[in-house]
Amino acid sequence: MSALPDRNLAMELVRVTEAAALAAARWVGRGDKKAADRAAVDAMRSMLARIEMDGLVVIGEGEKDDAPMLFNGERIGNGKPPLVDVAVDPLEGTTLCASGAPNAIAVIAIAERGAMFDPGPCFYMEKLVTDNEAAMAIDIERPIEDNVRAVAAAKGKPINETTVLMLDRPRHEEAKRRVREIGGRIRLIGDGDVAGAMTAATEGSAIDMLYGIGGTPEGVLAAAAIRCIGGEIHARLMPQSEEEKLAVLDYGMDLKRILTRRDLVAGQDVFFAATGVTDGDTLQGVRYSRRGATTESIVTRARSGTVRTIHGQHNREKLEAYLNSTGMSLSEGSPIPAGMLE
């Protein structure tokens, strides 16, 4: 069997994100982001164990001592080929989920072994994302206002109709001022810049560009999505403390290097899947009814470029029957165990 992920793993991965989303969604609006994250992690880990792959978590949620998180360096899958790198966030937007805010998602990406950028000790990077229409226009080394003008010109629209998505952080105050000074629009989000990057990279969306300093794990996940759905990302490492900067330099990383989608996720066999937890710009969240639950997911592969939107219907009676046999209850927000979504 090939050591490369040459079969289409996308449909297997969407079952993983569906499980994480269904588990996390029981905690939407309940104010407990740790419980929501734990439920998503447990459900995702359970489903990942069933996939035929030898996966190495390159982008995870923490270190081994912080288990049950899916930690960097963890081996997942059943240990058989293909050999793959894995980037994962079982619940991107834990605060969004806890508060019932939009754009919380469960997300996973895989690529052939060695293809994913390892950010090492660097926790933050500056990011600039847009869609295919303006992909050749952006340059993160230029001032933000020049990029807004270039994206507007590439899309054939006036600057006062061009919208930039940013995380609502004090570090972005200067960038916000400069965008507004030339007449551009700003849309602020509290968390969730993977979902934000997906929106910015989607042609025809209400967001023309994402800009700001956010997490490096989210940058790699965003790049995987962009490799599959189109668009471009420019990024550069941006340590937020002197201690972090020294650690990054000691690690041998170049703070001046501009990273594109192919630097962050190389290779051709890149797969990406995400399922909505709460309603958002790209995906509808989990919705419950008397009969069960519905999910909406996006699943795609870089090699083919095909983007599938999957609407899942999950029967409550069958789910409850399975859970009762294991001593758990769906109504208690228990993780969704392996086998439920098959």
Side-chain angles (χ1 to χ4, degrees), residues 14 17 21 89 92-93 96 101-107 109 127-140 144 147-168 172 175-176 179-180 182-212 214 218-219 221-235 260-261 264-265 270 272-285 295-302 305-311:
V14 80
T17 56
D89 196 340
E92 204 248 341
L96 301 176
N103 287 319
I105 60 174
V107 60
K127 308 166 198 173
L128 184 61
V129 176
T130 192
D131 63 17
N132 275 329
E133 196 172 19
M136 301 301 294
I138 60 172
D139 182 350
I140 202 167
I144 180 64
N147 278 289
V148 174
R149 292 188 181 102
V151 167
K155 295 190 172 193
K157 60 196 304 184
I159 291 175
N160 63 8
E161 294 178 10
T162 303
T163 302
V164 182
L165 190 70
M166 292 188 193
L167 286 171
D168 190 5
H172 296 147
K176 286 193 296 182
V179 171
R180 286 169 173 161
I182 64 168
R185 299 176 175 183
I186 299 289
R187 179 172 164 189
L188 297 173
I189 55 173
D191 290 287
D193 60 348
V194 175
M198 290 169 60
T199 304
T202 300
E203 290 189 54
S205 81
I207 301 301
D208 299 293
M209 188 172 84
L210 175 140
Y211 172 77
E218 290 81 0
L221 277 163
I226 290 165
R227 284 294 315 277
C228 295
I229 67 176
E232 184 58 278
I233 179 171
H234 283 193
T260 68
R261 57 179 180 162
L264 292 167
V265 183
V270 183
F272 178 85
T275 301
V277 177
T278 59
D279 287 352
D281 296 311
T282 306
L283 293 167
Q284 179 179 289
T295 55
E296 185 176 58
S297 306
I298 184 174
V299 58
T300 184
R301 183 186 189 186
T306 301
V307 179
R308 293 181 173 91
T309 300
I310 298 175
H311 298 272

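Worth saying up front: this structure is predicted, and the values here are computed from it rather than measured.
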Would you name the heavy atoms of I229 and A201 that are closest together and state the gap between them?
CD1-CB, 4.1 Å

What's the spacing between I207 CD1 and T202 OG1 if we round to 0.5 Å?
10.5 Å

What residues, two or more places apart in sequence or in another chain, satisfy salt bridge (charged side-chain N to carboxylate O under 4.0 Å, His left out) together with R185?
none

Taking the side chain as everything from C-beta on, heavy atoms only, tell me whether V270 gets closer than 4.5 Å to C228.
yes

Provide the closest heavy-atom pair for R149 versus I159 in the form atom of the first, atom of the second, distance.
CG-CD1, 3.6 Å

D168: which residues meet the salt bridge (charged side-chain N to carboxylate O under 4.0 Å, His left out) condition with it, sequence neighbours left out?
none

As an exercise, state the distance from CD1 of I105 to CG of L221, rounded to the nearest 0.5 Å.
8.0 Å

Can you list the residues that meet the side chain to side chain donor-acceptor pair (under 3.5 Å) rule with T17, with sequence neighbours excluded?
T275

Please check this pair: side chain of N147 against backbone of D139, looking for a donor-acceptor N/O pair closer than 3.5 Å.
yes

d(H234 NE2, L264 CG) to nearest 0.5 Å is 10.5 Å

Exercise: identify the closest heavy-atom pair between A197 and A222:
CB-CB, 3.6 Å

List in chain and number order the residues that pass salt bridge (charged side-chain N to carboxylate O under 4.0 Å, His left out) with R180, two or more places apart in sequence or in another chain; answer none if no residue qualifies.
none

Kindly give the heavy-atom pair with the smallest separation between V265 and A223, and that separation in Å.
CG2-CB, 4.0 Å

Distance-minimising heavy-atom pair for L210 and G196:
CD1-C, 3.6 Å

Taking atom CD1 of I233 and atom CD1 of I140, what is their separation to the nearest 0.5 Å?
8.0 Å

Can you tell me how far apart CE (M198) and CG (D281) are? Round to the nearest 0.5 Å.
10.5 Å

List the residues meeting salt bridge (charged side-chain N to carboxylate O under 4.0 Å, His left out) with K155, not counting sequence neighbours, and say none if there are none.
D131, D208

Sub-4.5 Å side-chain heavy-atom contact between F272 and V107:
yes

Heavy-atom side-chain proximity of V151 to E133 below 4.5 angstrom
no

Restricting to side chain to side chain contact (heavy atoms under 4.5 Å, CB included), what partner residues turn up for D191, sequence neighbours left out?
T95, L96, R169

Please confirm whether the backbone N or O of G231 pairs with a side-chain atom of N132, one donor and one acceptor, at under 3.5 Å?
yes

Quick one: closest heavy-atom pair of A109 and A224, and the distance?
CB-CB, 3.5 Å

Tell me, do H172 and I186 make a side-chain contact under 4.5 Å, heavy atoms counted?
no

dist L167:CG -> K127:NZ (nearest 0.5 Å) comes out at 7.0 Å

Could you tell me whether the side chain of E232 and the main chain of R261 form a donor-acceptor pair under 3.5 Å?
yes

